[in-house]
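One-based numbering, in listed order, for ligands and for the atoms of each.
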Amino acid sequence: MTEIQQIRALLNTPKEVVILSHRNPDGDAIGSSLGLAHLLKKLRHVVTVILPSECPTNFKYLPGFEDVLIFDLYQDEARKKVDEAKLIFCLDFNALDRIDKLGEHVQFSKADKIMIDHHLDPEPFAEFIISDITASSTSELIYCFIRDLGMEHLLDETIGSCIFTGIITDTGSFKYSTRSLTYEAAAALKAKNVDDYGIQNNIYNSLKEKHLRLLGHCLANRMEVFEEYGAAMIHLTKQDYKDFNIQRGDTEGIVNYMLMMENIQIAAFIMEQPSIVKISLRSKGDIDVQQIASRNFNGGGHKNASGGSAYAKLEDVLDRFRKLVPGFLAPVHK
Ligand code: 5GP
Ligand code: MN
């Protein structure tokens with residue numbers, strides 16, 4: 001039997017299923033999880049989506065958003081669900097340390113585990129690993145999964161809205177990471193009446209005044225540009241977090257603004273959080289920030305979008321980045 005036939009056989013009888021995704025869930029983590037959950041519910045499975053930490057509220061339009069179990073808020077219940085699950089899906093992450101303490105429960109669980117992911121170098125903790133780094137998003141892979149299971153007829157607007165959300169957020173509305181299958185998936189979802197304009201509106205036009213004020217502060221006061229090396233960096237201090245009342249998710253997308261500059265190829269967004277300094281890296285074209293993140297900031301991700309963290313003083317992390325800058329690319333001569 002092929003892998004997909006084995007999975008299909010596992011899905012034949014209804015059972016307790018847990019779907020997990022990574023901490024600080026983004027549109028792809030939430031969208032792929034909820035999309036798959038709706039499919040499995042149609043197959044009469046008892047499904048729980050568990051995420052380690054809270055979701056940005058602009059995704060509250062997604063069907064099933066309210067039913068997601070947040071580990072940070074309901075630890076005992078989440079542990080129990082994982083321990084009782086017969087089948088565990090791990091979506092949009094490649095290593096158990098991306099799901100905090102839940103990782104141990106997954107590791108020791110007797111359940112069959114299926115990873116569906118598009119990050120480099122998946123850790124072999126699951127029985128089935130559907131990993132494809134050429135996919136735009138895990139949500140796109142969920143579309144392929146449904147198709148490969150021969151269940152395309154079950155695809156509906158509800159499932160489609162979730163999957164479409166993940167594709168949109170991981171490709172910046174089809175600006176990067178796409179392949180022809182990305183558009184095939186989008187076309188199939190549109191054909192199922194997915195409200196693509198409404199979804200884009202929910203995702204991108206849902207900012208509060210404080211978000212634009214914070215963006216203005218970052219661009220006006222916190223941005224360093226290393227023009228000759230095609231790099232730029234923005235940082236936020238703990239004091240900024242207080243002054244702008246920054247909550248989880250409020251800084252989403254700020255890193256991308258630096259790449260809007262013509263000659264900037266690498267952007268770093270460095271945040272002084274309560275116990276760690278968090279780093280977000282983005283790049284254009286061939287520049288691989290995944291390597292920079294894993295070598296210098298204990299992180300990883302994708303070639304053009306990675307992240308990491310450091311237990312160090314903010315100033316030291318900023319200096320570490322400044323020292324790396326000359327090595328990224330040859331100086332740009334105008
Ligand atoms: P972001 O900058 O939006 O937090 O993350 C961008 C990408 O980098 C995500 O897709 C995620 O997979 C990856 N990433 C972010 N933070 C970390 C981290 O601390 N460790 C690893 N391995 N990957 C990360
Ligand atoms: Mn993703």
Side-chain angles (χ1 to χ4, degrees), residues 19-36 51-53 55-56 59 89-100 103 115-123 125 130-145 162-172 176-179 182 185 203 233-236 248-259 266-271 273 275-283 288-312 317 321:
I19 300 174
L20 298 165
S21 194
H22 59 80
R23 86 170 91 95
N24 299 332
D26 53 15
D28 189 31
I30 304 165
S32 59
S33 298
L34 288 175
L36 179 64
L51 298 171
S53 59
C55 303
F59 296 115
F89 280 91
C90 298
L91 304 187
D92 202 37
F93 66 96
N94 59 356
L96 288 177
D97 65 358
R98 299 279 289 141
I99 54 168
D100 301 339
M115 180 206 289
I116 304 180
D117 182 47
H118 67 133
H119 295 88
L120 279 170
D121 303 329
E123 277 183 5
F125 64 82
I130 299 175
S131 165
D132 185 352
I133 61 161
T134 68
S136 69
S137 53
T138 299
S139 295
E140 181 184 312
L141 290 176
I142 295 294
Y143 168 78
C144 297
F145 182 62
C162 301
I163 298 176
F164 193 80
T165 294
I167 294 176
I168 285 296
T169 52
D170 263 24
T171 63
Y176 41 80
S177 313
T178 60
R179 56 178 179 172
T182 316
I203 296 172
M233 166 174 99
I234 288 174
H235 73 271
L236 284 175
R248 192 189 291 281
D250 287 346
T251 53
E252 196 66 43
I254 293 178
V255 63
N256 297 313
Y257 281 86
M258 290 177 271
L259 292 183
I266 294 196
F269 185 50
I270 302 182
M271 295 150 275
Q273 295 185 346
S275 55
I276 55 164
V277 176
K278 178 90 187 87
I279 297 113
S280 276
L281 294 167
R282 298 291 185 272
S283 64
D288 185 353
V289 284
Q290 200 266 340
Q291 279 195 16
I292 297 170
S294 62
R295 284 183 191 156
N296 303 285
F297 301 109
N298 190 33
H302 315 271
K303 187 173 162 198
N304 295 128
S306 283
S309 56
Y311 289 95
V317 181
F321 185 77

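- When only non-hydrogen protein atoms are considered, atom 20 (N) of ligand 1 lies nearest to G299 CA, 3.5 Å.
- Close contacts of ligand 1 with A305, meaning ligand atoms under 4.0 Å from a residue heavy atom, involve 7 (C), 8 (O).
- Residue contact annotation: Q290 has no non-hydrogen atom under 4.0 Å from ligand 1.
- Two residues are said to be in side-chain contact when any heavy atoms from C-beta on lie closer than 4.5 Å; F269 and L236 meet this criterion.
- Here the protein heavy atom with the shortest distance to atom 19 (O) of ligand 1 is G308 CA, 3.6 Å.
- Considering backbone and side-chain N/O of R282, one or more are found under 3.5 Å from N/O of ligand 1.
- The Mn ion (ligand 2) lies at the vertex of an angle of 100° between the OD2 atom of D28 and the NE2 atom of H118 (rounded to 10°).
- Taking each of A293, A29, S309, G300 in turn, the one with a heavy atom nearest to atom 14 (N) of ligand 1 proves to be G300.
- Looking only at its N/O/S atoms, D92 has OD1 as the one nearest to the Mn ion (ligand 2).
- None of T134, T178, T171, T182 except one satisfies the side-chain hydrogen bond (donor to acceptor under 3.5 Å, both in side chains) rule with E140; the exception is T182.
- Proximity to H119 (heavy-atom distance under 4.0 Å) selects the following atoms of ligand 1: 10 (O), 12 (O).
- When only interatomic distances are considered, the shortest N/O to N/O separation between S280 and ligand 1 falls below 3.5 Å.
- Interface atoms of ligand 1 facing H302, defined by a heavy-atom separation under 4.0 Å, are 10 (O).
- Atom CG of N304 and atom CZ of R282 lie 9.5 Å apart (nearest 0.5 Å).
- The closest side-chain heavy-atom distance from I142 to L91 is below 4.5 Å.
- Closest to atom 18 (C) of ligand 1, if we only count protein heavy atoms, is G307 O, 3.6 Å.
- With respect to the Mn ion (ligand 2), D170 has OD2 as its nearest N, O or S atom.
- You'll find the side chain of F145 reaches within 4.5 Å of the side chain of L36, heavy atoms only.
- The closest side-chain donor-acceptor pair between D28 and T169, if any, does not fall under 3.5 angstrom.
- Only the side chain of R98 comes within 4.0 Å of ligand 1, counting heavy atoms alone; its backbone N, CA, C and O stay farther away.
- Between H302 and H118, the ring planes lie tilted relative to each other; the angle falls in the 30° to 60° range.
- Put simply, the side chain of T138 does not reach to within 4.5 Å of the side chain of D170, judged on heavy atoms.
- Between I234 and V255, every side-chain heavy-atom pair lies at or beyond the 4.5 Å cut-off.
- I266 places a side-chain heavy atom less than 4.5 Å from the side chain of I292.
- Under 4.0 angstrom from ligand 1, the non-hydrogen atoms of K278 all belong to its side chain.
- For ligand 1, none of its N or O atoms has an N or O atom of L281 under 3.5 Å away.
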